[in-house]
Every structure is written in C-alpha cells, then in structure tokens.
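Note that these values count all heavy atoms, side chains included, but never hydrogens, waters or copies made by symmetry. Because the structure is predicted, anything quoted here is derived from the model rather than measured.
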Amino acid sequence: MSSKPPHASLFQVYLRLRPPMNPRNDENERFLTVETPQASQEEEETPVPAPTHITLQPPNDTRKRAIEKFGFTKVFEEHASQLDVFQDTGMESIVRGVLREGRDGLVATLGVTGSGKSHTILGSKSERGMTQMALDVIFRSIETARKSDNFEISPMILASLTASDHSESQLFSAQSFLDAVYGDHNPGRSSRAPTPMSPSRANTPSTEPTPALIFPRRQPRERALTSPRLPIVSHLAVDLSSNAEYVVLVSMYEVYNDRIFDLLSPSFVSSQGNAMSRGNAQKDRRRPLLFKPTEGSPDRKLVAGLRKIACSSYEDALAILDVGLTERKVTGTGANSVSSRSHGFFCLEVKKMASKRNGEMTWSGNTLTVVDLAGSERARTAKTAGATLAEAGKINESLMYLGQCLQMQSNLQDGVKTALVPYRQCKLTELLFSNSFPSSNQMSRGQYPQKAIMIVTADPLGDYNATSQILRYSALAREVTVPRVPSLAGSIASVPSERGRSISGRISPNDGLTEELERAFAEIARLTKDCHNFAIRLAEEEIARSEAEHRLQAAEDRCVMIEQEVREECWADMEEQVEAERRRWQAAWDEQIGRHDDLVDKKIELVSRGFDIYEDPQSTTHERIEELESENVQLRRRLATLEREMSSQSPTRKPRTKQLPASPKGLSNGLGRASEIENAMQRVNQLNITDAMFSQPSPMPKLASPGKKLRKVSTRKWDLAPENEL
Ligand SMILES: Nc1ncnc2c1ncn2[C@@H]1O[C@H](COP(=O)(O)OP(=O)(O)OP(=O)(O)O)[C@@H](O)[C@H]1O
C-alpha cells in the first residue's frame, strides 16, 4: 500500500498526533502505532524518510475487528512542534502561491473533539499557530517588497479597494475598526497610523466609504497584548521581486448550524464580552450571510457582505484575529473545556496595488483561508445535552458530508470514475471545495484551483471508534488486514510428506492413499483460502457496520436536534400565545377598571351634589337684573308709544307720563287703551321695587330658589302686547 502522489488529490492530507495531556495519568490503551519507514538500502546516507502510515489496532474486546492501516502524505508524531508542522506541510509553498503565483490557499484541520485542531491552527499562549505564522510570513514578505517604508492605508486606498472588491463587503481600516472595538483605552497600539479624524488627515479628500461601524466596546484581552512570538518564521519569508504596495484584508466568519455568520460584525454584546460566557440558549440574532455569485463575480461564489479589515502590519492583523475569536462560538464539553461549536474561517486576502499612468489604482491578489473545523464528537463522551447536543448533531452531519467528499477524492485518485464530488450538500463542503474546481472560463482568466492541505489531528489514547471513523474517510490510502489464524491444513500436510520420505527414503507404495491425501490437502488449502477471503469480507462488513453505526449516530443526533428545534418552536409559540392572552386580559381588566372608576366618580359626584348644591346668588341676581332692566326698557318704550298714540288722538292733552303713578284710575277712559297703560305702569313700578330688592343682599337662604319668586315678576308678552298681536 502506498499513498498517492500529492498532485492527484484535492487536499494533501497530513496526520498530526496529539501528545498525552497528562502522561502519568493516562489509563487508556494506545490504539495507534506509527509505521517506521524503510530507509533506502542503496543510499545509506539518505536520511530516514518521515513516516506516512499508521496502524490502528482495535481494542481487545469481544468484537473481532480488523486491523486497519492508513496512509497519509506525512505523519507528525507527538513530539512534532508547531514549526515542524508549518514547514513540513508546505505552508511556505501555499503562502508563495498566494503571494506570487496567483493561487488561493486553504489550510484546514479535521479531527475528533479535543484532538488538537485549534492548537494547530491558532496555537496556545506560548506558541503561535498556523494562522499567526502564515500572517507573519506574509507581512515579512510584503515588507521587503514595499516601495515606501511608511505605508499607510489612506481613505483613498480604502475607497479604491472597496471599488475593486466583488463580494459586496464593507471595508474599514484596522485602525478605525480597532478604535470602534476598544475605544480610546487601547494601550500598545500607539504605533498605528493616525485616525481618519487626525489633523494629518484633515486635508486628505475624504473618499473613505462610511458604512456604520458599530461594534460593542471591548476591553482589550490580555492575549492580544502579549501574543507569543515563537516559533520564529523569518527565514520562511517569500522573496517578492516586484516593488509594489500591499494591503492584507482580514475577514472572519463561522459556519454555525449550517449558516454563515460574520465574526467581525456581531449583533449583540454579552455582559462579559466573551463568547464563552454567552449561553448557547441565547437566541442567535445575527444575520446570516449568503455564499453566492455576485454582480462582480458571476461565475464564482463568494461570501457576500462580510466586513473586511485592511491591515498594513502584523500587529493589526493579530488584533483583528483576536477580536473575531472572542465572537466565535466555543463552549466547555465533557471532551474539551474549550470546544469549538462552529467551523471557523479566517481569510487573509493579500492585495497588490498597481498604479496606472492616470493615477488610477488597480488591485489584484489571492486569499489564504485557514479553517478550524469543529470536532466530531459522541454525545456519550462529550456529555452534551440540549442546545450543545443539537450543535453537535449539526457538526457531525456537516463532517459526514465532508467525509463523503474526501472519500470521493480518494476514489478519484484510485481511478474510479465516480460522479462529481458532492460538495454542495452543506455550507461547509461548499466553502471548502467550490474553489477546487474552477470553470474553464475562470482558468482562462488565470484563476487556478486552490492549493489545499488538510491536517487531521488524532489522539492515540482517545476515542477509538470516533478516530477510526475520521481516519477512514480522510486517509489517502487504506488497507485492511485480518489477523491470520495458524493454518491447520499446512501443518497436517507437512506431516505425511515428511513421514513418507523419512521412513523408507522412497515413494510409498500406497499411491492411492497418497493421492487421496493430496486431494484432501488441496481441498483444505482451498477452504483455508476461502476462509481467509471470508474473514476479509467480514472485516469489510465490520467496517461498513461501524460506518452505518456512525451514520445512525448522526441521524440520532439530528433527531435530537429536530426535537430540540420543535420544542423551542412550540415553546416560542406557547409563549407568544400566553403573551397575547395576557395582553387581552390586561386590556379587558384596564377597561373594566376604567368603567368602574367612571361609575365611582359619577356616584361621588351625585353624592356630593346632594350635599352641596350651590348656586351663585350674585351671578343669578345680576342676570335677573339685566333681564328686568331690558324688560323695563321695553315697557318704557311701549309706554312712550302708547302715550304718543294717545296724544295723537287728543292733541290738546299733554302727555301725562309723570302723573301715571299718582292716579292710575284716571287713565280709565273710553279710549280703550287706558287700562293697558295703567297695567304697564303698575308693572314698571313693581319692577322698580324689585330692583331695589335685589340691590340689597339676599335675605334668602342659599338653598331657596330665587328663580321661582323672580319668575313671578317677569313680564309676559301678553301683559303688554296689543290683543291683535297676541
Ligand atoms: N500538539 C499539542 N501539543 C500540546 N498540547 C496540545 C497539542 N494538541 C492539543 N493540545 C492541547 O489539547 C487541548 C485540546 O486541544 P484543542 O482545543 O486544540 O482541541 P480541538 O480539536 O480544537 O477541540 P474542539 O474540536 O472541541 O474545538 C488543549 O488544551 C490544547 O492545548
């Protein structure tokens, strides 16, 4: 068995073994051994090649399982350092591809939870990971090729970068982004370029696009300020001959529950500012992004609408990485205290600027994507429940699809004509593989398939079943051996022939018996061979069964997840209904209370009226006086009219207005109107009396109704008007 030449596969697959966490305390049996490679016999001075194969020895249980042997591009044993892995996986050539050859690069880690994926990709407090080392190599390489020593990302550069970007992204300078995240208390960042509002920039035409840069304020984490500097990779810097300006755009996203979320534009702030502290129960209110062809890139899918941060230094890029990592979903499980619950994608786009004669800037470049996959896990081992278990279901499902794609890759190498790699089954495989198959159109435009490596991590003392599952679909080659049972037929066969020759030194005369024996031996040999073949088939079946078990496990996880989702939906529905009902009852209650209050008010009013009916005597008196005065004026007018009439009938008589009160009876004459005048005069006199009466304070009690009395003295029309008018 030999692993296939690297160029034949989409991914070069490396295996890295994790050292035991506590060597003294590990009770688990080691199930994985590294095959020692054979040194070339011809050239004795040639160093021993690196191991490429491992053997998986099933645990000694009742199940007779086959021994499996797996082949990889290279196997890194427990003692391999971060730098060994960086150098020997060919990261340098991947970075060179991005910087010089116009080829995208992809580095991903795959493994069971807790096997060391994040350690490999992101490092630890004392050592850097693949991402940081790749960033260091990139920045060291472009610094030597830069035209100017003091390159600063001006608003103009940012604007031209935005115009050249096809992924509908929002671009910000690292400085404005970090200012938004950390505010002013940002020690250790004084070396960065001035802010866009600083005086040195005041004269620059403000062409920087200004989409809202909202980010919950954070306290800078300790790690961001004291990031490790080891291992040193300065010797790996790529020589870039051309003098140009470069900008590195950093973007980060995670695939969580098969949806893509930007890690650099969070939508909510956790109280402690750490994703670890965010309960998984908290609803995900982030807006998922689409992986789609865009207007500027119709034949290639891109994650659209990401936030991209333009960095001109290693420190800036590191700070951005740190911000994104605090947003990533991680949680503590039974298998790993800091377990990644999403597949993290960290994209480093290296943009090279070329200025045209008219001063216009054009940008070209490629992307290095570093992927930290979430680990497959068994609910029993990880002791997960609820939302974390549901997440695990999604993780296992996406890894199962990834396994199918990787298996298809090894089939392609074997020359098996299979259908296309089924990478469109989930977001994870789409993101990992869609750039591996550029269309002929893209190829003609100089877009080559990406260079990709997969680092499979395994714990030789960990979970045998989960590890063998991962190795089965990720290995470039696989061989199954069945432990041989000592052949009974062989031992029997050897005995008579020995005996036959040793006894006489000649061929036995009993030829018939010998022939029969030989036939029997041949039969036994055939049966033994069959038996061996059956054993191999049995081993294959055993593997298929364990794969089916794995799928069953994934399906069960999915069921649990669906159940969880349904429960959550029902719960949300129920809550909504209860809330609606509560609101309805509240409204009815408020209405009832309102009505009751009105009723009480009315009752109070009625009761208070009964006790205190008050009429302002003064205002009533005034009204009455006015009324009577106007009546008086009318009466006087009437009187004057009557007098004029009378005087017109007897021109010799003088008007007797003043005498009227003195002798009212004297008016009773035969003219027919005298009595009327007399009445009127009486009324006038009465009114005068009433006037006098009202000008005095009212002697009547308040409750008495003066209106009634006054009404008696009011003049009625028919008292004065001529009869014919009535
Ligand atoms: N090569 C190594 N050398 C030293 N420590 C290691 C190594 N690999 C892993 N570890 C340690 O093992 C623990 C688990 O590793 P890590 O978090 O990287 O696992 P993981 O595969 O990313 O898990 P998950 O999928 O749950 O996120 C960590 O404490 C890490 O520091």
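Atom-to-atom distance recorded for Leu263:CG and Ile320:CD1 is 12.5 Å, nearest 0.5 angstrom. The line from OG1 of Thr369 to CD of Gln450 is 7.0 Å long, rounded to the nearest 0.5 Å. Leu15 contributes atom CG, which lies 9.5 Å from atom CZ of Phe76 (distance to the nearest 0.5 angstrom). One finds the OG atom of Ser115 at 11.5 Å from the CD1 atom of Ile455 (value rounded to the nearest 0.5 Å). With values rounded to the nearest 0.5 angstrom, Glu397 atom CD is found 12.5 Å from Leu402 atom CG. Atom CG in Leu318 sits 6.0 Å away from atom CD in Gln132 (nearest 0.5 Å).
Side-chain contact between Arg128 and Leu230: absent, with no pair of heavy atoms (C-beta onward) separated by less than 4.5 Å. Counting heavy atoms from C-beta on, the side chains of Leu249 and Ile309 never come closer than 4.5 Å. No side-chain heavy atom of Met454 sits under 4.5 Å from any side-chain heavy atom of Gln12. Counting heavy atoms from C-beta outward, Gln87 and Val233 have side chains that stay 4.5 Å or more apart. The shortest distance between side-chain heavy atoms of Ile142 and Leu99 falls below 4.5 Å. Two residues are said to be in side-chain contact when any heavy atoms from C-beta on lie closer than 4.5 Å; Pro228 and Ser126 fail this criterion. For the pair Phe86/Met130, a side-chain contact is recorded, criterion being any heavy-atom separation below 4.5 Å from C-beta on. For the pair Ile67/Pro58, a side-chain contact is recorded, criterion being any heavy-atom separation below 4.5 Å from C-beta on.
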>> Applying side-chain contact (heavy atoms from CB on, under 4.5 Å) to Thr367 and Val98, what does each step give before you reach the verdict?
In response: CA-CA 6 Å; Thr367 307; Val98 171; over 6 Å; no
>> Before you tell me yes or no, could you show the steps for Phe433 and Tyr401 under ring-ring contact (aromatic ring centres under 6.0 Å, His included), namely the whole-Å CA-CA distance, both residues' side-chain angles and the distance that decides it to 0.1 Å?
In response: CA-CA 12 Å; Phe433 286 88; Tyr401 291 134; over 10 Å; no
> Taking it one step at a time, do Arg259 and Lys427 satisfy side-chain contact (heavy atoms from CB on, under 4.5 Å)?
Replying inline: CA-CA 7 Å; Arg259 292 190 295 170; Lys427 282 280 166 324; over 6 Å; no
> Should Ile453 and Met91 be marked as a side-chain contact (heavy atoms from CB on, under 4.5 Å) after you check the CA-CA gap, both sets of side-chain angles, and the distance that decides it?
Replying inline: CA-CA 9 Å; Ile453 61 170; Met91 276 298 286; 4.0 Å; yes
> Taking it one step at a time, do Tyr246 and Val350 satisfy side-chain contact (heavy atoms from CB on, under 4.5 Å)?
Replying inline: CA-CA 7 Å; Tyr246 291 88; Val350 184; 3.9 Å; yes
>> Does Arg424 form a side-chain hydrogen bond (donor to acceptor under 3.5 Å, both in side chains) with Thr429? I'd like the steps, not just the answer.
In response: CA-CA 7 Å; Arg424 290 203 175 88; Thr429 48; over 6 Å; no
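We find that Lys451 and Asp104 are not joined by a salt bridge, their nearest charged nitrogen and carboxylate oxygen being 4.0 Å or further apart. Salt-bridge annotation for Asp372 and Lys117: absent, with no side-chain N of the basic residue lying under 4.0 Å from a carboxylate O of the acidic one. Here Arg30 pairs with Glu78 in a salt bridge; the nearest charged N to carboxylate O distance falls below 4.0 Å. At a threshold of 4.0 Å, the pair Glu315-Arg229 counts as salt-bridged, since one of the basic side-chain nitrogens sits closer than that to a carboxylate oxygen.
A centroid separation of 6.0 Å or more is found between the aromatic rings of Phe72 and Tyr14.
For Gln57, the side-chain hydrogen bond (donor to acceptor under 3.5 Å, both in side chains) criterion is met by no residue, not counting sequence neighbours. Residues satisfying the ring pair (Phe, Tyr, Trp, His ring centres under 6.0 Å) criterion with Phe139, sequence neighbours excluded, are absent altogether. For Val370, the side-chain contact (heavy atoms from CB on, under 4.5 Å) partners are Ile121, Thr131, Phe346, Leu368, not counting sequence neighbours. Partners of Thr33 under the side-chain contact (heavy atoms from CB on, under 4.5 Å) rule, at least two apart in sequence or in another chain, are Thr55. Applying the side-chain hydrogen bond (donor to acceptor under 3.5 Å, both in side chains) criterion to Asp258, with sequence neighbours excluded, gives no partner residue. Among residues two or more places apart in sequence or in another chain, the ring pair (Phe, Tyr, Trp, His ring centres under 6.0 Å) test is passed with Phe345 by Tyr253.
With hydrogens and angles ignored, the 3.5 Å screen pairs no side-chain donor or acceptor of His53 with any backbone N or O of Phe70. Within the 3.5 Å criterion, the main-chain N or O of Leu306 finds no donor-acceptor partner in the side chain of Asp262. Within the 3.5 Å criterion, the main-chain N or O of Met133 finds no donor-acceptor partner in the side chain of Asp136.
Ser251 and Leu264 make their closest contact through CA-CD1, 4.1 Å (heavy atoms, listed as atom of the first residue, atom of the second, distance). Across Lys74 and Asp88, no two heavy atoms sit closer than the pair NZ-CB, 3.6 Å. Nearest heavy-atom pair, Val137 versus Ser141, reported as atom, atom and distance to 0.1 Å: O-OG, 2.6 Å. Nearest heavy atom pair, residue Thr120 against residue Gln82, reads O-NE2, 3.8 Å. Of all heavy-atom pairs spanning Glu254 and Ser342, the tightest one is OE1-OG, 2.6 Å. Of all the heavy atoms in Asn465 and Ser468, the pair that sits closest is O-OG, 2.9 Å.
Residues Ser124 and His119 have side chains that never bring a donor and an acceptor to within less than 3.5 angstrom of each other. When only modelled atom types and interatomic distance are considered, Arg18 and Thr457 share no side-chain donor-acceptor pair under 3.5 Å.
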